[in-house]
Amino acid sequence: MGERPAERGREREELLVVPAGRYTNPDVDVAFPAPEDYGLILTLRTPWSVARRCAWIEAELALLCSAHEVRADAFLDQVAGAGSK
């Protein structure tokens, strides 16, 4: 992504989920922020398989599902509002 978000007035926030000290045991608990507070959520790959289903993977999947629902609802509200004018 580089500097493009900053060039467009967006702030970048990073969240390290699995610290280096937990590399061999990545099952950590994490509290993700509310997705409606963000315009873009970018997840990066991990060396651990999602088949392992650590607690943080479950939390990240829940975050992504919630983000999808929030954005879908906002889009539907926008479409419904545009159709009533």
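Keep in mind that the numbers below use all heavy atoms, side chains included, and drop hydrogens, waters and symmetry copies.
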Identify the two heavy atoms, one from [X] and one from [Y], that lie closest to each other, and give their separation to 0.1 Å.
| X | Y | answer |
| --- | --- | --- |
| Pro33 | Leu63 | O-CD1, 3.5 Å |
| Pro19 | Val17 | CD-O, 3.5 Å |
| Leu15 | Val30 | CD2-CG2, 4.3 Å |

Of all residues at least two apart in sequence or in a different chain, which pass the side-chain contact (heavy atoms from CB on, under 4.5 Å) check with Ala62? none
From Glu69 atom CD to Glu36 atom CD, the distance as rounded to the nearest 0.5 Å: 11.0 Å
Once rounded to the nearest 0.5 Å, what's the spacing between atom CD1 of Ile41 and atom CD of Glu13? 10.5 Å
Could you check whether any side-chain heavy atom of Glu60 comes within less than 4.5 Å of a side-chain heavy atom of Glu58, counting everything from C-beta outward? no
Student check: side-chain heavy atoms of Cys54 and Val28 closer than 4.5 Å: no
The residue among Leu61, Asp29, Thr46 that forms side chain to side chain contact (heavy atoms under 4.5 Å, CB included) with Trp56 is Thr46
Begin from the C-alpha positions of Tyr23 and Val18 and carry the test side-chain contact (heavy atoms from CB on, under 4.5 Å) through to its verdict. CA-CA 7 Å; Tyr23 184 85; Val18 179; 5.8 Å; no
Is Asp27 reaching over with its side chain to a backbone N or O of Ala55, donor-acceptor style, under 3.5 angstrom? yes
What do you reckon, is CZ of Arg22 surrounded by more than 12 foreign heavy atoms closer than 6.0 Å? yes
Which residues satisfy the salt bridge (Lys or Arg N to Asp or Glu O under 4.0 Å) test with Glu11, sequence neighbours excluded? none
